[in-house]
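Right, one structure below, let's go through it.
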Amino acid sequence: MSLDGTILDKLYKVIESRKGGDPTTSNTARLFAKGTDKIAQKVGEEAVETVIEGVRGRKKDLALESADLLYHLLVLWADRGLKPEEVWTTLAARDGISGIAEKKSRSQSK
């Protein structure tokens with residue numbers, strides 16, 4: 001098993017393979033069956049739980065909640081047809097640009 005970011009690409013492929021699967025045997029298929037709103041709700045719930053563990057400072061629990069958040073985020077991406085490479089490309093384009101400058105460029109383009 002890879003212990004770097006490539007695990008996200010691998011997980012995404014597994015998630016995509018569960019589209020149209022049996023919701024009685026796959027939690028991922030169950031999420032897809034419930035639709036985008038439910039998937040997005042789960043992302044929000046996991047984000048809040050991740051923030052709580054971040055504030056509490058329990059590293060192990062923060063890792064667990066972060067994993068849940070990433071999983072649900074990947075399910076949302078798959079549901080909406082967003083490939084991880086598209087996000088990685090967006091992140092790569094920001095390399096070397098300050099966060100302040102990047103946010104400013106987004107507000108000017110809206």
Side-chain angles (χ1 to χ4, degrees):
M1 175 190 299
S2 67
L3 294 177
D4 60 21
T6 60
I7 192 70
L8 295 175
D9 291 319
K10 183 177 177 182
L11 177 57
Y12 185 86
K13 288 176 185 168
V14 172
I15 289 168
E16 274 194 313
S17 76
R18 300 297 196 268
K19 276 186 172 182
D22 183 354
T24 64
T25 61
S26 166
N27 183 56
T28 304
R30 187 176 318 135
L31 281 169
F32 283 128
K34 289 182 178 182
T36 305
D37 289 350
K38 183 62 177 177
I39 295 167
Q41 177 186 346
K42 287 299 294 178
V43 172
E45 290 171 8
E46 296 302 338
V48 169
E49 291 171 8
T50 302
V51 169
I52 290 168
E53 291 308 330
V55 171
R56 285 184 180 157
R58 297 186 302 215
K59 201 171 175 181
K60 181 179 178 184
D61 291 333
L62 177 57
L64 291 169
E65 293 302 339
S66 295
D68 289 347
L69 175 58
L70 288 169
Y71 160 76
H72 285 93
L73 184 59
L74 291 172
V75 173
L76 181 61
W77 292 357
D79 179 68
R80 303 309 293 169
L82 178 66
K83 301 287 187 196
E85 316 66 81
E86 295 174 77
V87 178
W88 309 156
T89 299
T90 300
L91 286 170
R94 294 178 182 178
D95 189 28
I97 301 171
S98 81
I100 293 170
E102 192 280 327
K103 283 188 178 194
K104 187 176 180 183
S105 72
R106 276 195 274 166
S107 64
Q108 291 174 349
S109 66
K110 288 183 180 180

Report task. May I have the step-by-step check of side-chain contact (heavy atoms from CB on, under 4.5 Å) for Leu8 and Trp77, ending in yes or no? Result -> CA-CA 12 Å; Leu8 295 175; Trp77 292 357; over 6 Å; no
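- Scanning all heavy atoms of the two residues, the minimum distance from Gly54 to Leu62 falls at N-CD1, 3.8 Å.
- In terms of modelled atom types and a separation under 3.5 Å, the side chain of Thr89 and the main chain of Glu85 share a donor-acceptor contact.
- Under a 4.0 Å N-O distance rule, the pair Glu16/Lys19 does not qualify as a salt bridge.
- The shortest distance between side-chain heavy atoms of Arg80 and Thr36 falls below 4.5 Å.
- To the nearest 0.5 Å, atom CG of residue Leu31 and atom OG1 of residue Thr28 are 6.5 Å apart.
- Across Pro84 and Asp9, no two heavy atoms sit closer than the pair CB-OD1, 3.5 Å.
- Leu73 and Val51 fall into different hydrophobic clusters, defined by Ile, Leu, Val, Met, Phe, Trp and Tyr side-chain heavy atoms under 4.5 Å apart, directly or through other members.
- Atom NE2 of His72 is separated from atom CD of Glu45 by 8.0 Å, given to the nearest 0.5 angstrom.
- In this structure the side chain of Ile52 reaches within 4.5 angstrom of the side chain of Val48, judged on heavy atoms.
- Annotation: the span from Lys38 atom NZ to Leu76 atom CG amounts to 13.5 Å, rounded to 0.5 Å.
- Heavy atoms only, all atoms of each residue included: Tyr71 and Asn27 are closest at OH-ND2, 3.6 Å.
- A salt bridge is absent between Lys42 and Glu49; no separation between the charged side-chain nitrogens and carboxylate oxygens falls under 4.0 Å.
- The closest side-chain heavy-atom distance from Leu82 to Tyr12 is not below 4.5 Å.
- Between the side chain of Thr50 and the backbone N or O of Glu65, at least one donor-acceptor pair lies under 3.5 Å.
- Considering CD1 of Ile39 and CZ of Arg30, their distance stands at 12.5 Å, rounded to 0.5 Å.
- Note on Val87: it clusters hydrophobically with Leu74, by side-chain heavy-atom contacts below 4.5 Å among ILVMFWY residues.
- From Lys34, atom NZ reaches atom CD of Gln41 across 9.0 Å, with rounding to the nearest 0.5 Å.
- Put simply, the side chain of Glu86 gets close to the backbone of Lys83: a donor and an acceptor are under 3.5 Å apart.
- Separating the CZ atom in Arg18 from the OG1 atom in Thr25 is a distance of 8.5 Å, to the nearest 0.5 Å.
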